[in-house]
There are 2 protein chains.
Amino acid sequence: MADCLTMAAGIDDVARAAGVSTATVSRALRDLPNVSAKTRERVRAVATELGYVASPSAASLASGRTRAIGLISPWVNRWFFANIIDGAERALRARGYDVLLYTFDIQRSGERPRIDPDVLRRRVDGILVVGLPLARDELEALQGLGYPLVCIGWGGSEEATVRLDDRVIGLEAVRYLIRLGHRVIGHVTGTPDDVHPWSPPADRATGWREAMTEAGLEPDAGLMESGGFEVSGGRASVKALLARHPDLTAVFAASDEMAMGAILGLRDLGLRVPEDVSVMGVDGHELGELVGLTTMSQPVDEQGWAAAELVLDMINGKTPPRRVVFPARLVERTSTAAPRGVAS
Amino acid sequence: MADCLTMAAGIDDVARAAGVSTATVSRALRDLPNVSAKTRERVRAVATELGYVASPSAASLASGRTRAIGLISPWVNRWFFANIIDGAERALRARGYDVLLYTFDIQRSGERPRIDPDVLRRRVDGILVVGLPLARDELEALQGLGYPLVCIGWGGSEEATVRLDDRVIGLEAVRYLIRLGHRVIGHVTGTPDDVHPWSPPADRATGWREAMTEAGLEPDAGLMESGGFEVSGGRASVKALLARHPDLTAVFAASDEMAMGAILGLRDLGLRVPEDVSVMGVDGHELGELVGLTTMSQPVDEQGWAAAELVLDMINGKTPPRRVVFPARLVERTSTAAPRGVAS
DNA sequence: CTGTTAGCGCTTTCAT
DNA sequence: ATGAAAGCGCTAACAG
């Protein structure tokens, strides 16, 4: 075996050893046409023998393609994001693409450093933006790079998008609570106010509002509070909600993590779930079962995978569907029940 | 503003516009010495004006450095891994490095596709291996690439490592349970058997064994079971443990996720925590509070950050400490208590 | 302090 | 089916 440290075989080492030109080596190894079967075989054998691997930098420079995808996510340590990243990375690697990870904080204040598109310039062939509702100018700057871009978990009709029907999720969740007999239903949303009309928290809130309205209930602004998609935020939100609406009997949180935070907050207050207040979330978090969390469960691996396929198709000039919408399904557990005094 | 799509300014556009050579542009923009202040200023201004960003491929090819770090992790959707990746990515980006993410499954059977070092060849300047006890030959293949490599959360004395003192963690956890009055203490470990002697699960198990022995208790092999670091594994393990040792009163799990799984398993059995069985874990998982999980809490952001600093120091030819060990601390909550019949 | 000049290691026309 | 040769867009010696 060759000493990997001292000598890294180059394409012309292979060419020389195989008795062909570097062009033929390049073609043979990339499965391009116009190489005879036996030549290809010989080149492959020699390349393996020499431990030759093409330099990605040189290949990129010459071809203009990087075989890398930029994955932009506000966090990696939150349930949804971690699972999407995991799924997308596996899908992309299976297709021979590298994944460049870029995290960008969402500040709760709404003020966040603008994403700098320059870090991605000439580094990637495509971009995946996970759950980060970008400002219009940011999105445009990113698109200005000229790479295929797909949004996961958010996005309007203009962008290639993989997401849920968040309005319907809110609608179905709150309809379920109403069926149980609840009348005063609070909503813990994800972000403060400056969110886009097509962001998941905004859509879930719309669903909540519609379900309330269609049942003749009042989706009072005081019944909504932002938990910033964090456990601690959910915990604080439910207290604020209850302070304003002591008659609250149910809470619909826009994520399981916030829902679990809400349960912690209710406990802080000495209230029981579901006897005093019912709580439900959205996600299908693995640990929801710990507290019997009722939730709208979403297929997360599939979304990561679908988004990966989508960018790659776009890179390869295909025109795949611009919008893939996955379904969520109600998982009933024990954090929700009929309010006191209502027979179920 | 220039049209980013049709024209990407190159270094000689900048050179021409600034009236200097490309070499000077290169030096000026990279803050190298031997450029007069006013020249540097002018070059910077022109570069900004033109929206010039150096091509990473060209820079890598010419310099031999990629300004990228490969981050190898078995998963991204598990607590420890997600947090380490999050921390390391932020630290590396702050220093101007890109992060290439590579996931590799750990199969519970112990059989796992070998990591192929070729995917990293000439792509990165350094490697971070997160919590993946590599086989000796895999590690050597990776090291054979010739890049600085640091292990996070695992690693022997040969490798540059950022980790915990896992033996002491097991020791202190189990001593704590013994102080509470427990005598039959089970251990839910992470991996089956073929793990390295210096992997966290092995070390935590050693701590458990030592604590048992020093207290005159029997660390019976039947008191140990693997949960594969998964919630579901913890859930199954505790049942197996109880089947063999109905007299079990406490369980020490090697991770919070497995500990929470154990709690679910005990509930399945109709047992209460901590009245019937005490449970504790390791990590400091945000959701542990949901079930009052007692745990050995570890500083996870700091570990990601420290590892990033370490590789970068190694890349820059410094000789940093080869081994950074972080402390864990006992967080007592309500999943542990004195066993029945023992006054606390 | 600045410019000139070779490459870095591939891919890709264009010939043959 | 294969080869020759011209870059891709930078960095790094080396001069000056």
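In the text below, chain A, chain B and the rest are named by the order of the sequence lines, each starting its count at 1. Quick note: numbers below take in every heavy atom, side chains included, and nothing from hydrogens, waters or symmetry partners.
The shortest side-chain heavy-atom distance between B/Arg93 and A/Tyr102 falls under the 4.5 Å cut-off. Considering only heavy atoms from C-beta on, B/Arg322 stays 4.5 Å or farther from B/Glu158 through its side chain. The side-chain heavy atoms of B/Phe326 and B/Arg163, taken from C-beta on, include no pair separated by under 4.5 Å.
Evaluation of the salt bridge (Lys or Arg N to Asp or Glu O under 4.0 Å) rule for B/Arg40 yields B/Asp31 as partners, not counting sequence neighbours. Remark: B/Thr161 pairs with no residue by the side-chain hydrogen bond (donor to acceptor under 3.5 Å, both in side chains) rule, at least two apart or across chains.
Nearest-nucleotide positions on DNA chain D for B/Leu61 and B/Arg30 put B/Leu61 closer to the 5' end. Heavy-atom distances to DNA chain C give each of A/Ala59 and B/Lys38 a nearest nucleotide, and the one nearer the 5′ end belongs to B/Lys38. The residue among B/Ala37 and A/Ser26 whose nearest nucleotide of DNA chain C is located toward the 5' end is B/Ala37.
Note on the helix from C/dC1-D/dG16 to C/dT16-D/dA1: angle between the axes of the first and last five pairs equals 30°, rounded to 10 degrees.
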Without placing hydrogens or testing angles, list every side-chain donor-acceptor pair under 3.5 Å for residues 79-87 of chain B, not counting sequence neighbours.
| unit_1 | atom_1 | unit_2 | atom_2 | d |
| --- | --- | --- | --- | --- |
| B/Asn83 | OD1 | A/Asn77 | ND2 | 3.0 |
| B/Asn83 | ND2 | B/Trp79 | O | 2.8 |
| B/Asp86 | OD1 | B/Arg90 | NE | 2.6 |
| B/Asp86 | OD1 | B/Arg90 | NH2 | 3.2 |
| B/Asp86 | OD2 | A/Val76 | N | 2.8 |
| B/Asp86 | OD2 | B/Arg90 | NH2 | 3.4 |

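Residue A/Ala23 is in base contact, counting any heavy-atom pair closer than 4.0 Å across all strands shown. Within 4.0 Å of B/Ser57, counting heavy atoms only, lies no atom of the nucleic acid at all. Looking at heavy-atom distances under 4.0 Å, A/Arg65 makes contact with sugar-phosphate atoms alone, never a base.
At a cut-off of 3.5 Å, with distance as the only test, a side-chain donor of B/Thr66 or B/Asp125 sits close to an acceptor on the other residue. Using a 3.5 Å distance cut-off with no hydrogens or angles, the side chains of B/Ser26 and B/Arg30 do pair a donor with an acceptor.
The footprint of chain B on DNA chain D, defined by a heavy-atom cutoff below 4.0 Å, extends from D/dG9 to D/dA13. Nucleotides of DNA chain C with any atom under 4.0 Å from a heavy atom of chain B span, from 5' to 3', C/dC1 to C/dC10.
Judged by distance alone, with hydrogens and angles left aside, the side-chain atoms of B/Glu159 form no donor-acceptor pair with the main-chain N or O of B/Cys151 at under 3.5 Å. The closest donor-acceptor contact from the side chain of A/Asn316 to the backbone of A/Lys318 lies at 3.5 Å or more, if one exists at all.
Using a 4.0 Å cut-off between a side-chain N of Lys or Arg and a carboxylate O of Asp or Glu, B/Lys38 and B/Glu41 do not qualify as a salt bridge.
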